[in-house]
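Here is the structure we will look at.
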Amino acid sequence: MERSMQRAPKGQPLQKAPPPARSRWSIPTFAGRQLREKFKTGRAAATAAGTTLLVLSTFISTVALAPAANAAELVTVSLTFDDAHLNQVAAADYMNSKGLKGTFYVPSGYLNSDSSHMNTAQALALQTAGNEIGGHSVTHADLAFADTGEVTRQICNDRTSLTGLGFRVTSFAYPYASSTPAIENIANTCGYNSARGLGDIASHIAGSETFPLAETMPPADPFLTKAPDQADSTWTLQNLKDLTLKAEPGGGWIQYTFHHIGVATEPLSVTTENFRALIDFLAAEQSAGRVIVKTVDQVIGGAVKTNGAGPQPPAPLTSGNLIRNPGFETAGPIAGDAPACWVPGGYGINTYTYSTVAAAHTGTAAQQLVMSSYQSGNAKILPPLDTGQCTPTVTPGQRYTMSGWYNSTAQTQFELYYRLGTGNWQYWTSSPFFASSASFTQVSYTSPPVPAGATAMSMSLTLVSTGTLVTDDYSLTKAVLDPGAFQPMTPVRLLDTRTSGGPVAPRGTVSFQVGGASGIPASVAAVTFNLTVTNPTSNGFVTAYASGTTRPNASNLNYDTGQTVPNSVTVPVGADGKVTLYSESAGTANLIADVSGYYAAGTAVANGSFKAVAPARFLDTRNTGTPVAPKGTVSFQVGGNSGIPAGVSAVTFNLTVANSTSNGVVTAFASGTSVPTASNLNYDRGQIVPNRVTVPVGADGKVSLYNDSAGTAHLIADVSGYYLAGIVSLPGMFQAITPNRFLDTRSGNPVGANGTISVQVGSVGGVPATASATIFNLTVANPTRNGFVTAYPSGASLPNASNVNYAAGQIVPNSVTVPLGADGKVNLTNSSTGTTHLIADVSGYFL
């Protein structure tokens, strides 16, 4: 009991300490976890200790000693590795160089999950080299806490997924060695030939002295094969060798179980030196004829069986409270243990217990955590990280509001996880801390937008220090955005006249549905989209406005014959949920609209909320006859003008340059401040070029425009909305910042053909890690071929959308509004056979 090593309690893998907000969480490990075997002995317990390894005598109280193996047998040794950790690849290389092969138990949800786990190609290479790939459940779930359907999905679907990737899969290992006769039967029906337990063969671990020295050959129960405890950082080289040496006189089968090799920060790791020394020892013993090293499949034998299939998960809850058993009133599958659809979990070095108590907020049950010692990490009771039995289904881009009632002698906070696909669970983020409370108190937290690709989430209040935490009556609902709040979404194409409806006629209009489309609420105040014109048969311009309203005297995009030109648009949405596009031209043109977010309907009153207005012209230097001089500045009034309040934080407008006498750059900035190192619009002599601008407003209510050119140019500004001033604290609200250059590849290498680069926005330049989306001006420079650039959140698949279209040699800008990935990054993909430089000037972010 002296060893202060964290073990994961029943039902939850040991999680690594959550990383800084917005960075990606590694798939959890289960350092030091030992099965208590209450499922086999009938011992029911309602607590889970959180630090020291339990002595094996507490695990297996009714195991009968196996008969001695035939002394004439060689000891058979199997080297097994759990959880697909990347550091196992180098270990396998050394092992294979000595002629030894191993069995690698791979949870299919862990493959390709992050940089610390194997990808499919690496695992296939292990198999090609003669090693075995086995199953380990989809999400590394504690199967004893799951119902029959979830257990079947975890075991069968794991094998199906691995088989579909090209693996020959016959062996299984129970995560945490957690099994029951019913679970063992499911492993059989799913097509496995064997399944490994842990902790029931003698080792140096106190309490295991009376256990058999080896598993019998063949094993008495192939679906619960016996193995020594898993190796960890406390094991010496002699401890490792002794498993084989002590078994040699009697023969039998020894299965070594490893997790990490050579990772000093992982409790479940052995040093590289000890591992290689063990491999050298086993190779020598095999050469001497005292042992034989085989994979588990070679030991068990048998044909590859047909895959079983798991049932579909229960239909998800789609409205109201998405949490199943939110008040803990329904008992779980293990009598006296965690309630249905809840499991304990934790990480770090600490000691805690969990139990169901009657002192509830409502009903007859609440969950109590008691942390008796603490060095690091946390503990919690949360919905299991499963394939669909319990965890709520979520929608990427949607925010969710969670609440819970608690009393506590220490501070607490929500901790959030999300699932990619059906098996890849990731740490997401944590809420601010809530103070201790002597009586039941309700707290709530609204999440950032669900990351791209996420399909489910889990969350709970946690205990992060010594003390007692009692929780009850959880709720998780789709967040209701405050009026004027922005809801970002991975760009989605809502209009493309090339594939539907045909080109817009001369001086014609086309409308497209926003409200009620692609998960957007039926009623929204405004929408942000990238508008692209392509294949125009004459020059012209496009005006976007709310359907059912009078077309304004404004423009959003100007084009010449044959051009493909993009521009970002933020515009009110009509009462029918539509936006109308008018093409002022003597010819036809195809129009494309890629939506990246919308603003919630209602009267905007919160700080940072957006108020859309019908586009109106606030500046047109052509009316005065005086263009902006070379290196000159012109300002226009926003605050207090045309119904806009005097105090606003930022404004959105379409900026157009016309009749320029030289090439140049325009930079927009708050009046009264210095010209920033940023740009909003690049132009050539004589061009008419538009670009949407979102920029802070000066203390005098004005915005300034600087013409960095050797020639003059006329400038036009059509305002479509503004943001209310004040300290921003609510989700979806906008905080303007002085335009700041976050990316300029001209200082290094251009983006390659069909290449992707990532821009860190969250946690940089005053943008918080909790930001959900950003606005930046994206400029393409020096492209060597035609192409287009797409901006989208890191971690998402490349959408069918574009932000900037360009021709070889052009300098083209466009404003981008895009969600941030869970790591705070935005991806920029260059769809082109040539290279190009990219420049990104950030002007604000959304919480």
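As the structure is a computational prediction, the values presented were derived from the model and not from experiment.
The minimum heavy-atom distance between Val648 and Ile644, with the atom names listed, is CG1-CG2, 3.8 Å. For the pair Pro739 and Val695, the tightest heavy-atom approach, listed with the atom from each and the gap, is CG-CG2, 4.3 Å. Of all non-hydrogen atoms in Tyr599 and Gly484, the two that sit nearest each other are CD2-O, 3.6 Å. Summarising the geometry of Pro448 relative to Arg399, their closest heavy-atom pair is CA-NH1, 3.7 Å, with the distance given to 0.1 Å. The minimum heavy-atom distance linking Thr745 with His837 is given by the pair OG1-ND1, 2.8 Å. Annotation for Pro451 and Tyr418: closest pair CG-CE2, 3.7 Å, computed over non-hydrogen atoms.
At least one side-chain heavy atom of Leu838 sits less than 4.5 Å from a side-chain heavy atom of Ile757. Using a 4.5 Å heavy-atom cutoff, the side chains of Pro615 and Asn556 are not in contact. When side chains are defined from C-beta on, Val595 counts as touching Met489, because their heavy atoms get closer than 4.5 Å. Taking 4.5 Å as the limit, every side-chain heavy atom of Thr550 sits out of range of all side-chain heavy atoms of Tyr545. Side-chain contact between Pro488 and Val818: absent, with no pair of heavy atoms (C-beta onward) separated by less than 4.5 Å. Between Asn659 and Arg622, some side-chain heavy-atom pair lies under the 4.5 Å cut-off. In this structure the side chain of Arg617 reaches within 4.5 angstrom of the side chain of Ile716, judged on heavy atoms. Within the 4.5 Å cutoff, side-chain heavy atoms of Thr534 are placed close to those of Ile592.
In summary, the side chains of Thr836 and Asn830 do not present any donor paired with an acceptor at a separation below 3.5 Å, with no hydrogens or angles considered. In the model, Asn827 has no side-chain atom that pairs as donor or acceptor with a side-chain atom of Thr756 under 3.5 Å. Thr401 and Thr446 are linked by a side-chain donor-acceptor pair at a separation below 3.5 angstrom, with hydrogens and angles left out of the test. Side-chain contact, Asn814 with Asn530: a donor N or O sits under 3.5 Å from an acceptor N or O. Inspection of the Tyr845 and Ser772 side chains reveals no N or O donor paired with an N or O acceptor under 3.5 Å. There is a side-chain donor-acceptor pair under 3.5 Å between Tyr559 and Ser583. Side-chain contact check for Thr652 and Thr570: no donor-acceptor pair (N or O, by modelled atom type) lies under 3.5 Å. Looking only at atom types and distance, the side chain of Ser671 has a donor-acceptor partner in the side chain of Asp700 under 3.5 Å away.
Here the CZ-CD1 distance, from Phe486 to Ile775, works out to 7.0 Å after rounding to the nearest 0.5 Å. With rounding to the nearest 0.5 angstrom, the CZ atom of Arg685 is 7.0 Å from the OG1 atom of Thr661. Annotation: the span from Asn805 atom CG to Ser831 atom OG amounts to 9.5 Å, rounded to 0.5 Å. Taken from OG in Ser518 to CD in Gln513, the straight-line distance is 10.5 Å, to the nearest 0.5 Å. Residue Asn782 holds its CG atom at 12.0 Å from CD of Gln810, rounded to the nearest 0.5 Å. His714 contributes atom NE2, which lies 10.5 Å from atom OG of Ser660 (distance to the nearest 0.5 angstrom).
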The test is side chain to side chain contact (heavy atoms under 4.5 Å, CB included); show your working for Leu847 and Phe734 and say whether it passes.
CA-CA 7 Å; Leu847 286 183; Phe734 180 71; over 6 Å; no

Mind running side chain to side chain donor-acceptor pair (under 3.5 Å) on Arg692 and Thr817 for me, showing each step along the way?
CA-CA 10 Å; Arg692 182 174 69 103; Thr817 301; 2.6 Å; yes

Could you go step by step and tell me if Phe742 and Val761 meet the side chain to side chain contact (heavy atoms under 4.5 Å, CB included) rule?
CA-CA 7 Å; Phe742 275 49; Val761 179; 4.3 Å; yes

Output, in order, the C-alpha distance, side-chain angles, deciding distance and verdict of side chain to side chain contact (heavy atoms under 4.5 Å, CB included) for Leu820 and Ser794.
CA-CA 7 Å; Leu820 301 181; Ser794 172; over 6 Å; no

Checking side chain to side chain contact (heavy atoms under 4.5 Å, CB included) for the pair Thr543/Glu584: CA distance, chi angles, key distance, verdict?
CA-CA 8 Å; Thr543 298; Glu584 175 59 52; over 6 Å; no

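Checked by atom type and distance alone, the side chain of Thr656 never pairs as donor or acceptor with a backbone atom of Val689 at under 3.5 Å. Side chain of Gln760 to main chain of Gly762: a donor-acceptor pair is present (N/O by atom type, distance under 3.5 Å, no hydrogens or angles). Checking side-chain atoms of Asn803 against main-chain N and O of Ala791 turns up a donor-acceptor pair under 3.5 Å. Formation of a donor-acceptor pair under 3.5 Å by the Gln398 side chain with backbone atoms of Thr395 is not found in this model. Ser758 places no side-chain N or O within 3.5 Å of a backbone atom of Lys825 that could act as its donor or acceptor partner. In this structure, Asp718 contributes its side chain and Ser555 its backbone to a donor-acceptor pair below 3.5 Å. Ser500 contributes no side-chain N or O that, together with a main-chain N or O of Thr497, makes up a donor-acceptor pair within less than 3.5 Å. Remark: side-chain polar atoms of Ser802 are not paired, donor with acceptor, to backbone N or O of Val804 under 3.5 angstrom. With hydrogens and angles disregarded, no donor-acceptor distance shorter than 3.5 Å links the side chain of Thr790 to the backbone of Thr829. Judged by distance alone, the side chain of Thr528 and the main-chain N or O of Gly597 form no donor-acceptor pair under 3.5 Å.
Results of the side chain to side chain contact (heavy atoms under 4.5 Å, CB included) test with Asn691 over Leu778, Val657, Asn777, Leu557 single out Asn777 as the only residue that passes. Between Tyr722 and the options Val613, Val697, Thr694, a side chain to side chain contact (heavy atoms under 4.5 Å, CB included) holds for only Val613. Of the options Ser538, Pro506, Pro536, a side chain to side chain contact (heavy atoms under 4.5 Å, CB included) to Thr588 is made by Pro506 and by none of the others. The only option from Ile688, Val665, Asn707 that meets the side chain to side chain contact (heavy atoms under 4.5 Å, CB included) definition with Tyr683 turns out to be Asn707. Checking Thr580, Val579, Leu581 one by one against Ser511, the side chain to side chain contact (heavy atoms under 4.5 Å, CB included) holds for a single residue, Thr580.
More than 12 heavy atoms of other residues, nucleotides or ligands sit less than 6.0 Å from atom CG of Asp560. More than 12 heavy-atom neighbours from other residues, nucleotides or ligands sit within 6.0 angstrom of CZ on Arg741.
Taking the centre and axis of the six-membered ring of Tyr582, the NZ or CZ atom of Arg551 falls inside the cone set by 45° and 6.0 Å.
A perpendicular orientation is assigned to the rings of Phe653 and Phe636, their planes being inclined by more than 60° (bins at 30° and 60°). In this pair, Tyr723 and Phe610 present their aromatic rings tilted. The plane angle is within the 30 to 60° band.
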